[in-house]
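Input: a single structure, listed below in structure tokens.
Values below: all heavy atoms of this structure, side chains included; hydrogens, waters and symmetry mates excluded. Keep in mind it's a predicted model, so treat the numbers as computed, not measured.
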Amino acid sequence: MSPVALTEHTETAVALAPRERETLKHIAAGCTYLQAARLMGLSRHTVDAYLRRIRAKLDINTTAELTRLAISLGL
């Protein structure tokens with residue numbers, strides 16, 4: 001991801017819902033969907049839905065890009 005793209009993602013990330021940001025934080029920390037779900041008191045399917053929404057909002061395709069975004073946001 002280029003620095004320009006990262007800046008655009010960071011600006012767009014402000015639009016993430018609090019639970020989406022929390023999900024992103026857990027995934028970036030290395031949690032599986034199931035582990036993140038348990039930490040958040042949700043189902044694995046709900047975590048998957050949050051991550052699909054994040055990917056769609058920010059045009060992100062990989063977990064590595066999600067992790068880079070989380071780090072840039074200080075999550």
### Query
Which residues satisfy the salt bridge (charged side-chain N to carboxylate O under 4.0 Å, His left out) test with Arg19, sequence neighbours excluded?
Glu22

### Task
May I ask you to decide if Thr63's main-chain N or O and Thr67's side chain share a donor-acceptor pair within less than 3.5 Å?
yes

## Note on the structure
In this structure, CG of Leu51 is separated from OG1 of Thr23 (nearest 0.5 Å) by 6.0 Å

### Query
Salt bridge or not for Arg52 and Asp48, using N-O below 4.0 Å?
yes

### For Ala29, all residues meeting side chain to side chain contact (heavy atoms under 4.5 Å, CB included), sequence neighbours excluded
none

### Message
Would Leu73 and Arg21 count as a side chain to side chain contact (heavy atoms under 4.5 Å, CB included) here? Give the steps.
### Response
CA-CA 9 Å; Leu73 295 173; Arg21 291 175 70 89; 4.2 Å; yes

### Task
Give, for atom NE2 of His26 and atom OH of Tyr33, the distance between the pair rounded to the nearest 0.5 Å.
14.0 Å

### Task
Enter the distance from Leu66:CG to Asn61:CG here, rounded to the nearest 0.5 Å.
9.5 Å

### Task
For Ala37, check side chain to side chain contact (heavy atoms under 4.5 Å, CB included) against everything at least two apart and list the hits.
Val47

### Message
Return the CG to CZ distance between Leu24 and Arg55, rounded to the nearest 0.5 Å.
### Response
9.5 Å

### Query
Checking side chain to side chain contact (heavy atoms under 4.5 Å, CB included) for the pair Glu65/Thr62: CA distance, chi angles, key distance, verdict?
CA-CA 5 Å; Glu65 288 177 304; Thr62 67; 3.3 Å; yes

### Query
Where is the tightest heavy-atom contact between Ala36 and Cys31, given as atom of each residue plus distance?
N-CB, 4.0 Å

### Basic-acidic side-chain contact under 4.0 Å: Glu20, Lys57
yes

